[in-house]
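These notes are about the structure you will find just below.
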Amino acid sequence: MQILWLDTIDSTNSEALRRLPELPSATVLAAREQTAGRGQRGNTWFTEAGKNLTFSIVLKWDPGAFPVQDAHWLNYLSSYAVLQFLAEHGVSAQVKWPNDIYVGRRKICGMLVENSLNGSSLAASVVGIGLNVNQMVFPQLANATSMAVCTGNTLDLEPALQELVALFERNLSLLFDPKLFQAYSADLFQKGIRARYHDLLTDREYTGVIQGVEADGRLRIRDLDASIDHLYRFKEVGYIL
Ligand code: BTN
């Protein structure tokens with residue numbers, strides 16, 4: 001993959017989407033500083049300039065090769081690459097379904113995947129990843145952490161990104177392979193633990209236990225209040241932390 005470093009940009013995802021027609025597949029746009037980083041649900045992604053990895057991977061798919069209902073495999077690819085990278089640097093982390101990465105109860109990495117469609121298949125994907133590497137304090141964020149906070153060590157961002165991208169590329173060859181799904185879902189945040197959840201479909205809060213991720217990417221939570229299981233797609237359930 002080719003990595004292009006930008007000094008300052010509003011958002012690497014926005015830039016990747018703007019430049020999508022001209023960028024070859026497997027290009028990585030990385031920014032030393034993002035001035036308007038974007039998170040899930042229209043949130044801002046806060047990150048200190050020059051301290052963390054903020055980058056977007058552009059992928060273009062052959063026509064019909066990637067059915068839209070399999071789009072959750074992009075979360076498997078990227079989440080597992082980040083878990084592997086963190087493990088190699090002494091940080092033990094978990095996936096908070098679908099694609100947040102947590103160390104204990106603190107978030108170390110967030111992802112924003114944006115797809116363009118051709119009929120019922122993906123045409124292109126922009127996988128945006130914000131990984132906290134060297135930042136030590138998080139003024140706007142109560143539950144954030146970084147690799148440096150966890151290990152006491154700082155990393156050079158450019159070689160770190162090369163390493164992480166190489167892991168992502170290796171996982172690309174495991175796309176749709178059950179081994180990748182297993183690796184992704186082996187150790188989910190809050191799996192098997194009683195916790196509070198917010199069902200966004202019914203606007204109801206309950207105590208439940210995550211059972212795991214289904215083959216179709218949905219999260220199964222056992223509702224202890226109603227004695228039933230729920231299966232959720234992305235954005236249908238919230239964690240009450
Ligand atoms: C989230 O957890 O809310 C998702 C955060 C995604 C942040 C990354 S940083 C690189 C890329 N560019 C953006 O504007 N957002 C993603």
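Indexing begins at 1, ligand by ligand and atom by atom, following the structure's order. For reference, positions follow the sequence shown, starting with 1. Just so we're clear, the structure is a prediction, and the values are computed from it rather than from any experiment. We use all heavy atoms of the structure for the numbers below, so side chains are in, but hydrogens, waters and symmetry mates are not.
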Checklist entry - Measuring from Y197:OH to D225:CG, what's the distance to the nearest 0.5 Å? => result 12.5 Å
Next on the checklist: Tell me whether S146 contacts the main-chain N or O of N132 through its side chain, where contact means a donor paired with an acceptor under 3.5 Å.
Outcome noted: no
Checklist outcome for this item: For D100, the atoms of ligand 1 under 4.0 Å from one of its heavy atoms are 2 (O)
Checklist entry - Can a donor-acceptor pair be found between the side chains of Y232 and D199 at a distance below 3.5 Å? => result yes
Next on the checklist: Considering K96, K107, Q34, M111 one by one, which has a heavy atom nearer to atom 12 (N) of ligand 1 than any of the others?
Outcome noted: Q34
Checklist entry - Between Y76 and F181, does the ring centre distance come in under 6.0 Å? => result yes
Next on the checklist: Just to check, does N43 reach to within less than 4.0 Å of ligand 1 when the distance is taken from its heavy atoms?
Outcome noted: no
Checklist outcome for this item: shortest atom 5 (C) of ligand 1-to-protein heavy-atom contact is with W45 CE3, 3.4 Å
Next on the checklist: So H230 and E236, do their side chains get closer than 4.5 Å, heavy atoms only?
Outcome noted: no
Next on the checklist: Ring centres under 6.0 Å, that's the criterion: do F168 and F85 meet it?
Outcome noted: no
Next on the checklist: At under 4.0 Å between heavy atoms, is it the side chain or the backbone of I129 that contacts ligand 1, or both, or neither?
Outcome noted: backbone
Checklist entry - Does the side chain of V133 reach to within under 4.5 Å of the side chain of L157, using non-hydrogen atoms? => result yes
Checklist outcome for this item: The protein heavy atom nearest to atom 10 (C) of ligand 1 is T12 OG1, 3.2 Å
Item to check | Residue S11 vicinity, atoms of ligand 1 by number, heavy atom under 4.0 Å | outcome: 12 (N), 13 (C), 14 (O)
Next on the checklist: Please check whether Q40 reaches ligand 1 - meaning an N/O of the residue sits under 3.5 Å from an N/O of the ligand, judged on distance alone.
Outcome noted: yes
Checklist entry - Going by the atom numbers of ligand 1, which of them fall below 4.0 Å from some non-hydrogen atom of G39? => result 1 (C), 3 (O), 4 (C), 5 (C)
Checklist entry - If you count the atoms of ligand 1 from 1 in the order shown, which ones are under 4.0 Å from a heavy atom of R38? => result 5 (C), 6 (C), 7 (C), 13 (C), 14 (O), 15 (N), 16 (C)
Checklist entry - Got E15 and L4 here, is their nearest side-chain heavy-atom distance under 4.5 Å? => result no
Item to check | G37: numbered ligand 1 atoms lying under 4.0 Å from its heavy atoms | outcome: 14 (O)
